[in-house]
Number of protein chains: 4
Amino acid sequence: MTSLSPARRPHDKAARRADILAAALEVFAANGFANARLDDVARAAGVAKGTLYLYFADKQALFEGLIKENLAPIPDVASGMLSAFEGSTSELIRALVALLLARIQTPQARQVMQLMISEGHRFPDLAAFHYREVVTPGLGVVRAIVARGVARGEIRRAPQAEALTRHPQALFAPFLTAVVWNMTFDKVAPLDEAAFAEDYIALLLGGLNGGETS
Amino acid sequence: MTSLSPARRPHDKAARRADILAAALEVFAANGFANARLDDVARAAGVAKGTLYLYFADKQALFEGLIKENLAPIPDVASGMLSAFEGSTSELIRALVALLLARIQTPQARQVMQLMISEGHRFPDLAAFHYREVVTPGLGVVRAIVARGVARGEIRRAPQAEALTRHPQALFAPFLTAVVWNMTFDKVAPLDEAAFAEDYIALLLGGLNGGETS
Amino acid sequence: MTSLSPARRPHDKAARRADILAAALEVFAANGFANARLDDVARAAGVAKGTLYLYFADKQALFEGLIKENLAPIPDVASGMLSAFEGSTSELIRALVALLLARIQTPQARQVMQLMISEGHRFPDLAAFHYREVVTPGLGVVRAIVARGVARGEIRRAPQAEALTRHPQALFAPFLTAVVWNMTFDKVAPLDEAAFAEDYIALLLGGLNGGETS
Amino acid sequence: MTSLSPARRPHDKAARRADILAAALEVFAANGFANARLDDVARAAGVAKGTLYLYFADKQALFEGLIKENLAPIPDVASGMLSAFEGSTSELIRALVALLLARIQTPQARQVMQLMISEGHRFPDLAAFHYREVVTPGLGVVRAIVARGVARGEIRRAPQAEALTRHPQALFAPFLTAVVWNMTFDKVAPLDEAAFAEDYIALLLGGLNGGETS
DNA sequence: TATGAATGAGAATTCATTCAT
DNA sequence: CATGAATGAATTCTCATTCAT
């Protein structure tokens, strides 16, 4: 009832685990959670089906492990950048935008985002984790930027400063939008994310009508 | 032995079809495409499972029918509004925003959006349809508003006008963001969509730093 | 993805259910719960694997249904016999013994007993059901026989009457023993159940040393 | 780099084997053969899974080893007792009953009995072994007791003497019954084994109707 | 000897789809 | 047109057994 197989590298456990996660990311991203076959994950990882279960309790644990393992870094980098930054608010915002842009253009990070967007709501624990580890710090970074800008006298419009402080989501909206767009309309009408981000920032900073809000 | 279910009589084919689509929307929205059971759709629609196949070729056709049937109206309304509108650009933008807000707060429309967001990429035909029927006209509406605003002298900042013309998506971004947010973080930290839209408009119209973009 | 199959008799649902239960009894009796394959049950019942799940929620429900459906009759028959009986206590006991003997020699009933013996302890609900529906009434029948025998002056030894009233199990013990024996030592040294029952009755009624218990 | 697990040193092979068997008894008794996991056996024995295979060829060999190793003693003790005994037949029977009672109340011996009862029939070799090593001598002991009782004039009823000689199983029946009962109805209605044995012996020795068998 | 990671055959369960009535 | 019982391919998860170290 068993092995005729060739043997296996000294491949330590961590590397094996990483192989599995990488394979799982590909397969889940390509098919979604429900349509992903663990068989395919195993094949892609170069292990037997049963081996997956040595590293993850079940399909869901694999999926959640995958997301969690790939999610953390962003806000750390952002807040690191923030504390060291010496330039103007505009430059700081642009730097953050560049960071986010790089992020959504990294295949792996992008796949994770797509999975969070399309599957996250079916995994409440994952959503809570994501909110706590990524979203909350992310919002904090934006609020810190606004506070810094106001303090330095570079953000002069109080209503807008307050609006962005209340809803830092506004700054992330275009990135989310770009990801959803290209996930969906890739073939029909791909969106140039960098150009979109650029235009979006111009709008956010300058405003459509130069200050009069009504 | 006359009919034992007279209640079913008035149901003509179209009504039956509508029942099925309504049931399908609920079930697909609650579970996603892959996890939705046609059994549940049939039960919710009050028909037998086999009956579904008299109206739709298969599960996918039902899903696509569902989306298509529920998608159309928006841009029509928007462009209707546009041609009749007499107020200022700000007012017009606010009117459009109110329209979009109402839209994402209509349960049925919201469910369709969520399905498009999370499943759309797995149905290229659907994506193409959506792009053609909804997205393109939607972008057109925004471009028309910008053109009208510039023509009326209400939009005075050329770079921003051009940015929004190039990427009308900027105006839809917060609504998409709000939907994704509440789809995912509903339980953790629900987002007040109206307040978010309000703040977003303030930023879009006024700009963070009153015009200086750098 | 589907049927090329020949079609199926008007076979009403009850008959189909009975087919499945009969097949399941064979397969479970032959292999035990854990080793029984539902594939085999389906094949033996002449249905597809999925069909089993139209009648029973899962493997355990099938097993429990099987036991419950085959268990009831015994004590009913016995107490029926009891109320109508006109002969002596010895004759009544012999009649009961004959009944039990017939019971354990009915293949189907025997299989159920064997399953209860070897698997019952892993299904507490089943054990409770069995105890309530079969064992309790069975013990009652024996107690009634003893009471009747004492009342008629046919059972004259009070200590023994009390012993059997306290532990009516004593009357069932040899039948249980016979079943376990033949289930286990069938091939090595089969036990003639009728002869064993006969000898047992002689011991029970007459006693080894004619009454002196010490 | 000397040994890091000196605690294991004194453990010679026999002790290790005994550890495994003890662990296996627990695990098999708790779950039955099919549901027992060798993983659990290994953990309980404090060895690695592969180690089991250094001591036993496979799962079945472990199970059989387990039974065989735990089965032998009983009849030896009984026949030892028999040859030395000086009291009356009643006393001798009571002594045997006490022995059997002690036996079924020893956790380890009880577990083995339960395993033999519920799994034995699936292991013909084991059944044959058990029959040869335990059952046959056990029956012999009872026959010897009867012969001795007749010879000493303490068993005066020939038909009963012959019945018990033909079917010494009658004397073991209550113990088997008690084990099966408590294995199954433990939670619902536990049986006091000592009291049951007592009453059973009273019946066996005295008879229900003091000698008249019909 | 001992280890325990890896294997993969095997079994339960699900559900879209068909079709006889 | 409508029904819903039946089908069986597909997929997850388990665990005895092996073998490189």
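All of these numbers come straight from a predicted model, not from anything done at the bench.
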query: Under 6.0 Å between ring centres, would you say that holds for C:F123 and C:F129?
result: no
- prompt: OP1 or OP2 of E:dT7 sitting under 4.0 Å from any side-chain N/O of A:Y53?
  reply: no
field: N or O in side chain of A:K59 less than 4.0 angstrom from F:dT12 OP1/OP2
entry: yes
Donor-acceptor pair under 3.5 Å, C:K13 side chain vs F:dG4 base: no
field: Inter-residue atom distance C:I67.CD1 - C:L115.CG, 0.5 Å rounding
entry: 5.0 Å
- request: Take atom CD1 of D:I20 and atom C1' of E:dT1, then tell me their distance rounded to the nearest Å.
  value: 12 Å
- line: Considering only heavy side-chain atoms of D:K49, the closest of F:dC13, E:dA6, F:dT7 is E:dA6
query: If a stem is a run of at least 3 consecutive Watson-Crick or G-U pairs, both distances under 3.5 Å, which stems include DNA chain E?
result: E:2-21 with F:2-21
- line: From CG of B:D39 across to P of F:dA5 the rounded distance in Å is 10 Å
task: May I ask you to say what B:A36 touches in the nucleic acid, namely base, sugar-phosphate or nothing, with a heavy-atom cut-off under 4.0 Å?
output: sugar-phosphate
message: Under a 4.0 Å threshold between the charged nitrogen and the carboxylate oxygen, would D:R16 count as salt-bridged to D:D19?
response: no
task: Determine, step by step, whether B:R122 and A:S118 satisfy the side chain to side chain contact (heavy atoms under 4.5 Å, CB included) criterion, reporting the C-alpha distance in whole Å, the side-chain angles of both residues, the deciding distance to 0.1 Å, and the verdict.
output: CA-CA 11 Å; B:R122 230 122 41 218; A:S118 44; 5.5 Å; no
message: Please report the distance, rounded to the nearest Å, between CZ in D:R43 and P in F:dC15.
response: 11 Å
- line: Separation of F:dG4 atom P from C:D12 atom CG, nearest Å, is 17 Å
query: Phosphate oxygens OP1/OP2 of E:dA6: is one of them under 4.0 Å from a side-chain N or O of A:R16?
result: yes
- prompt: Between F:dT11 atom P and A:N31 atom CG, what is the distance in whole Å?
  reply: 10 Å
- prompt: Should C:R17 and C:E69 be marked as a side chain to side chain contact (heavy atoms under 4.5 Å, CB included) after you check the CA-CA gap, both sets of side-chain angles, and the distance that decides it?
  reply: CA-CA 11 Å; C:R17 186 187 155 92; C:E69 215 109 329; 3.3 Å; yes
- prompt: How close or far is atom P of E:dA12 from atom CG of D:N35, stated in whole angstroms?
  reply: 12 Å
statement: By nearest-nucleotide position on DNA chain F, the 5'-leaning member of B:A48 and A:F33 is B:A48
- prompt: Where the side chain of C:L38 is concerned, which of E:dA12, F:dT12, E:dG4 is the nearest nucleotide?
  reply: E:dA12
field: From B:L21 atom CG to B:L62 atom CG, the distance as rounded to the nearest 0.5 Å
entry: 6.5 Å
message: Could you tell me how far apart B:L52 (CG) and F:dA2 (P) are, to the nearest whole angstrom?
response: 11 Å
message: So A:A34, base contact, sugar-phosphate only, or nothing? Heavy-atom distance under 4.0 Å.
response: nothing
message: Any heavy-atom pair between the side chains of A:R43 and A:K49 that's under 4.5 Å?
response: no
Salt-bridge present (A:E64, A:K59; N to O < 4.0 Å): no
- prompt: When the nearest nucleotide of DNA chain F is assigned to C:L54 and to A:T51 on a heavy-atom basis, which residue is associated with the more 5' position?
  reply: C:L54
task: Tell me which of B:R37 and A:Y55 sits closer to the 5' end of DNA chain E, going by the nucleotide each one is nearest to.
output: A:Y55
field: Between F:dT17 (C1') and D:F56 (CZ): distance, integer Å
entry: 16 Å
